[in-house]
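Data block below; observations after.
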Amino acid sequence: MAAPAAVVPIRTIQNLALNANFGGEVMIVSLGCEKLQPERLLTGTPDVQQISLEEHDIVRLQDEKLVGFGAMVDEILQVAERHLKRLNQRQRETCPASELIVGMQCDGSDAFSGVTANPAVGFASDLLVRCGATVMFSEVTEVRDAIHLLTPRVINEEVGKRLLEEMAWYDDYLNQGQTDRSDNPSPGNKKGGLANVVEKALDSIVRNRAAARL
């Protein structure tokens, strides 16, 4: 039986596979012995559509036909080549900024990221949102200790409530594992000059400031 929160990484991988950047050409490389089998990822969940893959899109490294490391690499390359041939037939098209969906990924936070790179990325996010684009940010939990700065920027009350609900979920999740959220930032963050989780939250806010308005 899967762990109670196992649905989170499963749903995350499913959503990654459905990302438009893959162009619908998804392949899975699996050991073949892990508990999370590829078939589990292909099954849709209430909030994630089913992934459409053929059996030959899945490479199982423990398949008896793959004898040795070289055979494994060759199989991966062959499957990838089939996908690349189809992808290479597609042509780029000009589209308005309003159709863009831009994902913001966590930086390597230090004492300067909150006053240098992150504000620049946040400003770019604001420009995109003004053009009608969608901006998403990852590691939502990093803003937990400065959420009060994001909620006034949301587009409506419903979105604000959802942000607060997510923060409540995060607190409950940490409590289940008896984990203190002050353990974030990481040792590397502290070595770079971040003193505590509040500083890291403020650092993240300036990068993600546009996303909360959507």
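Every value quoted in this text rests on a predicted model; they were computed, and no experiment measured them.
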Given Ile76 and Met27, is the side-chain contact (heavy atoms from CB on, under 4.5 Å) satisfied, shown in steps?
CA-CA 9 Å; Ile76 293 172; Met27 62 177 284; 4.0 Å; yes
Does the distance from a Lys or Arg side-chain N to an Asp or Glu carboxylate O, for Glu165 and Lys161, drop under 4.0 Å?
no
Between Leu66 and Phe69, is there a shared hydrophobic cluster once you connect ILVMFWY residues whose side-chain heavy atoms come closer than 4.5 Å?
no
Starting at NE2 of His83, measure out to CG of Asn88 and round the result to the nearest 0.5 Å.
13.0 Å
Closest heavy-atom pair and its distance - Ala97, Cys131
CB-CB, 3.8 Å
CE-CD distance between Met72 and Gln62, expressed to the nearest 0.5 angstrom
7.5 Å
In one Ile/Leu/Val/Met/Phe/Trp/Tyr side-chain cluster, 4.5 Å: Ile155, Leu128:
yes
Using a strict 4.0 Å threshold on nitrogen-to-oxygen distance, state whether Arg82 and Glu25 make a salt bridge.
no
More than 12 heavy atoms of other groups within 6.0 Å of Leu164 CG:
yes
In terms of hydrophobic clusters joined by side-chain contacts under 4.5 Å, are Ile58 and Leu77 together?
no
Backbone N/O of Arg11 and side chain of Asn15: donor-acceptor pair under 3.5 Å:
yes
Going by atom types alone, do Asp172 and Gln176 pair a side-chain donor with an acceptor below 3.5 Å?
yes
Taking C-beta and beyond as the side chain, do Val29 and Leu61 meet within less than 4.5 Å on heavy atoms?
yes
Roughly how far, to the nearest 0.5 Å, is the SG atom of Cys33 from the CZ atom of Arg60?
12.0 Å
Can you check whether Val159's main-chain N or O pairs, donor with acceptor, with Asn156's side chain at less than 3.5 Å?
yes
With the side chain counted from C-beta on, respond yes when Asp57 and Ile28 share a heavy-atom pair under 4.5 Å apart, and no when they do not.
no
Just verifying a value: how many Å separate Leu100 CG and Thr134 OG1, rounded to the nearest 0.5 Å?
9.0 Å
